[in-house]
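Before any comments, here is the structure.
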2 protein chains.
Amino acid sequence: MATIKDVAERAGVSVSTVSIALKRDPRVKESTRQRILEAVQSLGYRPNGIARDLKMQQTQTMAVFLHDLGGPFYSELVSGVQDVALSHGYSPIVACSVGGKGVALERLLVENRVDGAIILDPYIKEDFIRRVAGPTLPLVLLDRDIEGAYVYRVTSDHEGGAFNVTMHLLEMGHRQIAFIGGPSVSVDGQLRFRGFARAMKHFGVDLQNRLMIHGDFTEQSGYAAAVTLLSQGRLPEAIFAANDEMAIGILRAFSERSVRVPDDVALVGFDDIRLTQYTTPALTTVHQPMYELGTVATQILFRALAGEKSITPVLLETQVVIRASSGLRH
Amino acid sequence: MATIKDVAERAGVSVSTVSIALKRDPRVKESTRQRILEAVQSLGYRPNGIARDLKMQQTQTMAVFLHDLGGPFYSELVSGVQDVALSHGYSPIVACSVGGKGVALERLLVENRVDGAIILDPYIKEDFIRRVAGPTLPLVLLDRDIEGAYVYRVTSDHEGGAFNVTMHLLEMGHRQIAFIGGPSVSVDGQLRFRGFARAMKHFGVDLQNRLMIHGDFTEQSGYAAAVTLLSQGRLPEAIFAANDEMAIGILRAFSERSVRVPDDVALVGFDDIRLTQYTTPALTTVHQPMYELGTVATQILFRALAGEKSITPVLLETQVVIRASSGLRH
DNA sequence: TAATTCTATCGAAACGTTTCGATTATAGAT
DNA sequence: ATCTATAATCGAAACGTTTCGATAGAATTA
């Protein structure tokens, strides 16, 4: 691999001249630049980005960490990040935050291979985040509630969305409403429960223990929850699944057993993943502004990188999307 | 940011001693190692990965480039990559290959910030790939047909899958079959057409020009193709959409106009994305082994990295998945 | 002509590691 | 006490850039 030194030699100039010539610095004479460019060509020289990063003490790269890359709405999030990052001359890369020791999280964050990161993963330990964040590595956390220096936060209004969609169910006359929750670590799952409980209280409806079931945001856990409910003998009037994946699992369990949605039981989810438009019946859910989440988070990252100090947490609105599964004719 | 030098000073040893102590080299006495560890602690020292990469002349990082990160089946591909990469001590990162100058593709590949890459993007220029590949940067291409030094290939059997699913339609008695193709650059789209044409020929059915329509793999283009077909007055007996996204667009156009699938017209897609199970009717399609594509590609990458020279292209089998949209009762 | 300002180029240090060969301290053998 | 083998540590070079201050020559001014 040819280095800048080889180019300098071939062109008969010094290394420093090559370096500045390559960034079109007007200090170098046009004729010498040409000579240098020829040398570059003939040697197939490509600058070594790592050497550059080391010298510059920055990488112009930022990372997005996701718990599992396959999540159905992450692509929009990443688009949002991408659009803003590119306009700042940065390259976003996406990495999976799981995998244990020696993995991307270590390599990129601990060993400073990126200038900043956006993190969407309820499982990453709080003290890891606080330890690793710093003036040279601001971190923007999505849907987490961690305070710390150089740690910033953007969250969707899970509680508000959950409140609104629960109100929707209540207004349709349902009172016996089951709640299928997410894993206990996930703040967004907790907030969704809070919104649900607040709406129930608002209508003066008591929560029933047997209708509060814990899942883990997977389709299978939704399926299992449906089976649990069915085993209780009588179904509730409605079910609020804390995310769409679980709602889809529930739908599958019901369809296999000929339980009709929404006639026998109404069902709503959360997230508005693409699939919800295609299920039978289409799923009422709460839309999360994923693209906006990406752009806002990235903007905050650049403000932090620019040295801005006090950046307040951002809360983004969510929106109820009413479809057939909740029983409203439209 | 504390450097190894600071640690050395604080611990009262030389830089080199710290360096080897930190990798548990038995040459350094236990007591000094402890002293060093304390210094690391109190200074909050974190090794600088970039300096290390520069010195080592490798990054232990590989990239996966996707044309758009949102593609519905990429997550499985990436899981496959991840599983193999981790077992080799490598961190895969995912980046989007679009975005023009100064973007991830440049930064990571041209400037050698990764040790190798897997690329799934029909739009990346052939000469770029050949120019950038080299002994220090093997490239594994997915669904592309480019030959070159240090360029390796893994492909799904698009042609075979298309042949088989077309045979399925023919065996069900359909003769007038429309083909909705992908963008002309995409090799996989071309192969799917080849398989389709071969099956038609096999049954002695002529292709009709009016039934050969070009799309671009998006849902909208499928919708548009359906509209085109409808405008012709009489529908074909069956439609083969070169990917599921377009098939879904077609389905939407038909459902909006009360054209019944499969009663009025049969429909098949390609890819077996998750959505195909949930559409009404569920979509007959061809399953691509995406996870396997990821693992195989990554294994090849590591063989190349290990210096293996002649690695032959791999072809992975696809499988027809028969669901309701093609009309077969099951 | 001498002094001054540009213009074009160069040399060297620095970024933070790793590693090789050299050096010193410690112990064991003669 | 001297020599040798081993253990523990050190110093310096190298990885490939960027950039600052220096330098030499050409052009301008007095």
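First the proteins, then the strands, lettered A, B, ... as listed; each starts at 1. These numbers were taken from a predicted model, which means no experiment stands behind them. All heavy atoms count here, side chains included; hydrogens, waters and symmetry mates do not.
Residues A:Asp121 and A:Ser97 bring a donor and an acceptor atom of their side chains to less than 3.5 Å of each other. Between the side chains of B:Thr59 and B:Asp115, at least one donor N or O lies within less than 3.5 Å of an accepting N or O. Inspection of the A:Thr298 and A:Thr295 side chains reveals no N or O donor paired with an N or O acceptor under 3.5 Å. Judged by distance alone, the side chains of B:Ser16 and B:Ser19 never bring a donor and an acceptor atom under 3.5 Å apart.
Counting non-hydrogen atoms of neighbouring residues, nucleotides and ligands closer than 6.0 angstrom, the CD atom of B:Glu147 reaches no more than 12 such neighbours.
For the pair A:Gln57 and A:Ser31, both in contact range of DNA chain C, the more 5′-proximal nearest nucleotide belongs to A:Ser31.
The outermost nucleotides of DNA chain D lying under 4.0 Å from heavy atoms of chain B, listed 5' to 3', are D:dA8 to D:dG16.
Interatomic distance, CD of B:Gln34 versus CD of B:Gln41, reported as 11.0 Å (0.5 Å rounding).
In this structure, B:Val132 and A:Arg46 have side chains that are in contact, with non-hydrogen atoms separated by less than 4.5 Å.
Note: A:Tyr90 and A:Phe302 have perpendicular aromatic rings, judged against thresholds of 30 and 60 degrees for the angle between ring planes.
For C:dA8, neither phosphate oxygen OP1 nor OP2 lies less than 4.0 angstrom from any side-chain nitrogen or oxygen of A:Thr32.
Sorted by residue number, the members of residues 14-22 of chain B with any non-hydrogen atom under 4.0 Å from DNA chain D read B:Ser14, B:Ser16, B:Thr17.
Backbone-only contact: B:Arg46 has heavy atoms under 4.0 Å from sugar-phosphate atoms and none from a base.
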